Protein chains: 2
Amino acid sequence: MTYCCALRLKDGLVFISDTRTNAGVDQISVFRKLYTFGVHQERFIAIQTAGNLATTQAVIGYLRNQIALKQEPNLYTVNTMFEVAQLVGRTLRKVIQDVTEDTQEQSNYYCSLLVGGQIEDAELQLYNIYPQGNFICATKDTPFFQIGESKYGKPILDRALTYDMPLDEAIRCSLISFDSTLRSNVSVGMPLDLLVYRVDSLKIPQGKRITSEDAYFHQISTQWSETLRRGLHEIPKPSDDYLL
Amino acid sequence: MTYCCALRLKDGLVFISDTRTNAGVDQISVFRKLYTFGVHQERFIAIQTAGNLATTQAVIGYLRNQIALKQEPNLYTVNTMFEVAQLVGRTLRKVIQDVTEDTQEQSNYYCSLLVGGQIEDAELQLYNIYPQGNFICATKDTPFFQIGESKYGKPILDRALTYDMPLDEAIRCSLISFDSTLRSNVSVGMPLDLLVYRVDSLKIPQGKRITSEDAYFHQISTQWSETLRRGLHEIPKPSDDYLL
């Protein structure tokens with residue numbers, strides 16, 4: 001399983017991915033699920049992946065290969081983020097078609113992708129790309145996407161995250177979302193990869209790997225448990241007719 | 001969809017169910033998913049249902065019919081909660097077998113059940129009964145079960161609920177779990193049915209229906225949003241290396 005979350009906010013983009021892959025409960029590995037592409041001062045593109053690992057690695061492999069061999073189109077020559085999403089979507093669809101030529105069970109080979117970035121002075125964009133190659137775009141009303149094990153971590157995002165939230169607060173909110181998911185589903189695992197892109201910076205962030213020893217993440221986790229327990233105690237007791 | 005949650009705690013049992021059923025998004029109804037059985041001063045049994053509505057109603061129908069016609073065994077003559085779980089499990093399995101005699105697609109007709117209660121001076125029990133008719137039993141380590149749309153509401157239970165928690169606090173905790181689920185999944189809907197059974201009382205609680213106008217539930221919902229937002233602000237900002 002996997003949990004990836006991406007935010008498109010007023011001040012920039014935030015991407016967080018876990019790194020656990022599993023084929024059965026006794027075959028667990030660490031694989032990065034957050035990839036970056038870009039040309040300094042011109043374009044920044046990040047891709048997060050959830051689903052069949054061979055499929056996601058093939059998609060990234062094709063995209064890198066196109067760049068290396070200067071095949072057209074590629075991520076460094078398309079003109080807009082919309083064209084980035086189209087290229088990634090077509091690549092994903094082709095990978096799935098190739099591997100499932102002889103089978104009807106396409107869904108075993110599915111993956112989902114989040115693709116965000118900025119090209120020159122155009123707007124930031126964030127896309128959620130489906131296995132069929134089509135996609136949807138984040139908006140001010142819905143400023144975040146999740147792929148993989150999304151449910152445990154969704155309530156905090158639904159309640160607290162807004163488009164206008166400062167990046168540092170949005171990072172805290174997302175890390176809480178990850179902490180909730182990590183606690184409830186062992187197939188989502190540390191370390192996490194965090195990447196923050198500031199709007200109009202047009203530089204490729206180096207990102208931060210958050211390990212299980214990370215003191216800040218540990219503090220968030222502990223403090224959040226305390227917040228919930230305290231909040232629970234602060235709620236007034238139900239009246240007697242709730243206990244009849 | 002459905003969300004039902006049941007707790008087996010030191011002081012008693014708590015059951016909460018939503019009431020929304022849907023066949024597609026344009027065919028939404030209100031159906032009770034929490035049923036009680038019992039004999040005053042002798043036994044109390046509650047059943048919660050999630051899954052195919054015809055299956056769950058057939059199971060309850062059979063169980064009531066057995067009692068009405070004094071067929072043996074029935075819920076009022078079996079000796080222990082273990083035998084209650086066996087009887088309910090066999091009934092569920094039979095209903096699914098009957099309706100799927102001519103099809104391989106059994107899973108469309110599946111349902112899951114939570115069954116809790118107490119008979120005379122034996123221990124409280126809570127069982128999670130699977131479509132195959134087998135079941136597991138709640139323990140001090142794992143004092144709650146959920147069926148239906150369980151993920152959105154699980155983090156608060158995982159973090160806060162304990163076996164020794166007083167019933168009124170456990171009710172608050174469960175209502176928060178429901179509020180999170182209701183906000184994130186429109187196929188789980190008000191009103192809610194709440195039932196609290198105090199250990200050794202051996203009486204059938206009347207229960208409480210919590211409607212969307214319920215002032216206490218509204219307060220929990222509002223106050224919990226405030227708790228989360230305040231807790232988020234209280235978490236220290238990440239250091240600069242998280243934003244590189």
Side-chain angles (χ1 to χ4, degrees), chain A residues 12 14 149-161 165-169 171-173 175-177 179-181 183-185 194-198 205-208 210 214-217 219-220 223-244, chain B residues 12 14 149-161 165-169 171-173 175-177 179-181 183-185 194-198 205-208 210 214-217 219-220 223-244:
Chain A
V14 176
E149 179 53 277
S150 60
K151 292 187 179 184
Y152 299 113
K154 192 161 181 282
I156 181 65
L157 299 173
D158 280 340
R159 291 220 200 210
L161 190 83
M165 186 176 267
L167 292 177
D168 70 80
E169 193 174 347
I171 291 169
R172 286 177 270 169
C173 188
L175 289 178
I176 292 166
S177 171
D179 184 50
S180 299
T181 308
R183 279 171 180 258
S184 291
N185 187 334
L194 166 69
L195 195 76
V196 181
Y197 172 78
R198 292 173 195 278
Q206 67 180 60
K208 165 88 176 169
I210 299 172
D214 186 274
Y216 181 61
F217 189 75
Q219 177 179 6
I220 287 180
Q223 189 170 329
W224 193 249
S225 289
E226 188 46 44
T227 292
L228 300 189
R229 277 194 289 265
R230 190 186 58 198
L232 177 58
H233 281 116
E234 285 170 358
I235 287 175
K237 291 188 181 192
S239 57
D240 286 345
D241 62 321
Y242 286 78
L243 288 93
L244 290 180
Chain B
V14 176
E149 179 53 277
S150 60
K151 293 187 178 183
Y152 299 113
K154 191 160 183 281
I156 180 65
L157 299 172
D158 280 340
R159 293 220 200 209
L161 190 84
M165 186 175 269
L167 292 177
D168 70 79
E169 193 174 345
I171 291 170
R172 285 176 271 169
C173 188
L175 290 177
I176 292 166
S177 171
D179 185 49
S180 299
T181 308
R183 279 170 180 259
S184 291
N185 187 335
L194 166 68
L195 196 75
V196 182
Y197 173 79
R198 292 173 194 279
Q206 66 181 60
K208 166 88 177 169
I210 300 173
D214 187 274
Y216 181 61
F217 189 75
Q219 178 180 5
I220 288 181
Q223 190 171 327
W224 193 249
S225 290
E226 187 47 43
T227 293
L228 299 190
R229 276 194 291 263
R230 190 187 57 198
L232 178 58
H233 280 117
E234 285 170 358
I235 287 175
K237 292 189 180 192
S239 58
D240 286 345
D241 63 322
Y242 286 78
L243 289 93
L244 289 180

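All values reported here derive from a predicted model rather than from experimental measurement. Both backbone and side-chain heavy atoms feed into the values below; hydrogens, waters and symmetry mates do not. First the proteins, then the strands, lettered A, B, ... as listed; each starts at 1.
- Ring-centre distance between Y152(B) and Y152(A): not below the 6.0 Å cut-off.
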Exercise. Let me see the working for I176(B) and I235(A) under side chain to side chain contact (heavy atoms under 4.5 Å, CB included), right down to the final yes or no.
Key: CA-CA 10 Å; I176(B) 292 166; I235(A) 287 175; 3.6 Å; yes

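- Annotation: maximal heavy-atom pairing with chain A below 4.5 Å, among K151(B), Q206(B), R198(B), K154(B), occurs at K151(B).
- Heavy-atom neighbours of D240(B) CG from other residues, nucleotides or ligands within 6.0 Å: at or below the threshold of 12.
- With a threshold of 4.5 angstrom between heavy atoms, L157(B) does not approach chain A through any atom at all.
- Considering only heavy-atom pairs separated by less than 4.5 Å from chain A, the leading option among R229(B), Q219(B), E169(B), E226(B) is E169(B).
- The minimum heavy-atom distance between K237(B) and Y216(A), with the atom names listed, is C-OH, 3.5 Å.
- Taking each heavy atom of S177(B) and G153(B) in turn, the nearest pair found is OG-O, 2.7 Å.
- If you measure heavy-atom distances from L195(A) to chain B, you find no contacts under 4.5 Å at all.
- Side-chain atoms of Q223(A) never come within 3.5 Å of backbone atoms of G231(B) as a donor-acceptor pair (strictly under, hydrogens ignored).
- Looking at I171(B), the atoms closer than 4.5 Å to chain A (heavy atoms on both sides) all sit in the side chain, from C-beta outward.
- Comment: R230(B) engages E234(A) in a salt bridge, judged by a side-chain N to carboxylate O separation of less than 4.0 angstrom.
- Contact of D214(A) with chain B is made through the side chain alone, with heavy-atom distances under 4.5 Å.
- Contacts of D179(B) with chain A are made by both backbone and side-chain atoms, with heavy-atom separations under 4.5 Å.
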Exercise. Kindly indicate, with the supporting measurements, whether the criterion side chain to side chain contact (heavy atoms under 4.5 Å, CB included) is fulfilled by Y242(A) and L167(B).
Key: CA-CA 11 Å; Y242(A) 286 78; L167(B) 292 177; over 6 Å; no

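- Contacts of D168(B) with chain A are made by both backbone and side-chain atoms, with heavy-atom separations under 4.5 Å.
- If you tally non-hydrogen atom pairs under 4.5 Å between each of S150(A), A160(A), S225(A) and chain B, the highest count goes to S225(A).
- With a threshold of 4.5 angstrom between heavy atoms, L232(B) approaches chain A through its backbone and through its side chain.
- Residue contact with chain A, scored on non-hydrogen atoms closer than 4.5 Å, involves the backbone and the side chain of P236(B) alike.
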